[in-house]
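This chain uses plain numbering: 1 for the first residue, then up along the sequence. This one's a predicted model, so the numbers in the text were calculated from it and none came from an experiment.
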Amino acid sequence: MSEVVRPTLSDALTERMLELIHTGGLRPGDRLPSTRELSQRFAVTTPTLREALRRLEATGAVEMRHGSGIYVGADIERVVLPNPNMRELDGEQLVELLGARVVIEPPLAAMAARRAASGRGGQLAVLERVLDEAARHLRGEDAELHETNMTFHRATARLAGNGVLHEIVDSLLTVHGAEQRAILQIFDDRRRDYEEHRAILEAIVAGDAAAAEERMRAHLVDVKTVVEQRLHHPPK
């Protein structure tokens, strides 16, 4: 018979901290009581409290600002959380990552276009600014280009209006940031990548859901095909 795993004091304290945030109606950016006040409130030592706070900080539920205090984190409402301990993917898993994005992101591009057509596309200006920024980094500034590319895909998913699916895309891109940078290097056609992003945005702005979905799918399949070929048959 397996032994029942009992919750530790830190486990219980973590739950009580979350309860304090939720029952108190606190929102991201709201300040929490000081470490001393929380220790007294929950009748625990400062080291025990700090362990619970570190757990909450790792998931984005709280943010500890040195010299300022403890605040409710931006990710307190997240349903899907990235795993910060994930190892880098090998070549085959890199292709699988792109395959997962092929399944998830095209329908989100269609949803974004439908929202734009109905007048709810309030973040279209964000997508425009992101691509304008990307255009300035096409000549070897790969770190900046990578960030703008990922911001474009995140913003498209956010515009779709489904918070959970947006979090899935955000988690994939966040956890596998190193792999996404490798994909940029392997694909090695920054102008083509940019122009495909621009075509996706044009379909979204036009409210053409079918075109937005097809262009996002074609873009990701294009990247996946090139990466797969170059991993299996590297250029000499």
Side-chain angles (χ1 to χ4, degrees), residues 1-90 93-94 96-97 100-101 104-105 108 122-123 126 130 143-144 146-148 150-151 153-182:
M1 185 174 178
S2 61
E3 182 180 350
V4 176
V5 178
R6 299 182 182 278
T8 65
L9 177 57
S10 184
D11 292 332
L13 185 55
T14 299
E15 290 300 319
R16 292 182 69 187
M17 284 288 298
L18 289 171
E19 183 181 357
L20 170 66
I21 292 170
H22 290 302
T23 59
L26 300 179
R27 306 294 301 165
D30 289 346
R31 188 171 183 172
L32 289 163
S34 68
T35 303
R36 180 178 179 182
E37 291 174 285
L38 290 170
S39 297
Q40 293 174 344
R41 178 181 187 130
F42 296 123
V44 296
T45 64
T46 300
T48 301
L49 177 69
R50 289 192 180 279
E51 181 182 347
L53 288 173
R54 282 194 295 270
R55 288 187 181 191
L56 292 168
E57 187 176 40
T59 63
V62 303
E63 179 185 356
M64 292 188 282
R65 302 177 191 172
H66 183 69
S68 178
I70 309 163
Y71 296 82
V72 179
D75 291 338
I76 186 67
E77 301 296 342
R78 283 187 71 111
V79 177
V80 180
L81 289 171
N83 175 10
N85 303 311
M86 184 69 187
R87 294 178 298 175
E88 290 187 11
L89 303 182
D90 61 27
Q93 290 173 315
L94 201 67
E96 288 181 359
L97 170 62
R101 293 183 59 195
I104 297 168
E105 293 190 55
L108 291 179
Q123 296 187 14
V126 173
V130 168
E144 294 83 357
H146 164 73
E147 288 303 321
T148 55
M150 296 302 96
T151 299
H153 283 275
R154 287 187 177 97
T156 300
R158 183 182 298 112
L159 182 58
N162 185 304
V164 174
L165 289 173
H166 167 246
E167 287 182 12
I168 289 172
V169 172
D170 182 51
S171 294
L172 283 174
L173 300 183
T174 299
V175 172
H176 299 301
E179 288 81 8
Q180 294 297 156
R181 287 191 293 274

Residues two or more places apart in sequence or in another chain: which of them pass side chain to side chain donor-acceptor pair (under 3.5 Å) with [X]?
X     : answer
Thr45 : Thr48
Gln40 : none
Arg50 : none

Rounded to the nearest 0.5 Å, what separation is found between the [atom1] atom of [X] and the [atom2] atom of [Y]?
X      : Y      : atom1 : atom2 : answer
Ile168 : Leu108 : CD1   : CG    : 8.5 Å
Thr148 : His153 : OG1   : NE2   : 10.0 Å
Thr151 : His146 : OG1   : NE2   : 8.5 Å
Asp170 : Arg158 : CG    : CZ    : 7.5 Å
Leu26  : Arg31  : CG    : CZ    : 13.0 Å
Met150 : Leu172 : CE    : CG    : 11.0 Å

Could you tell me if the side chain of [Y] sits less than 4.5 Å from the side chain of [X], heavy atoms only?
X      : Y      : result
Ile21  : Asp30  : no
Val126 : Leu159 : no
Thr35  : Met64  : no
Leu38  : Met17  : yes

Arg65 atom CZ, over 12 foreign heavy atoms within 6.0 Å
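Yes - once you tally the heavy atoms of other residues, nucleotides and ligands closer than 6.0 Å, there are more than 12.
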
What are the two closest heavy atoms between Thr14 and Ala52, and how far apart are they?
OG1-CB, 3.7 Å

Verify side chain to side chain contact (heavy atoms under 4.5 Å, CB included) between Leu13 and Glu51, making sure each step is shown before the conclusion.
CA-CA 9 Å; Leu13 185 55; Glu51 181 182 347; over 6 Å; no

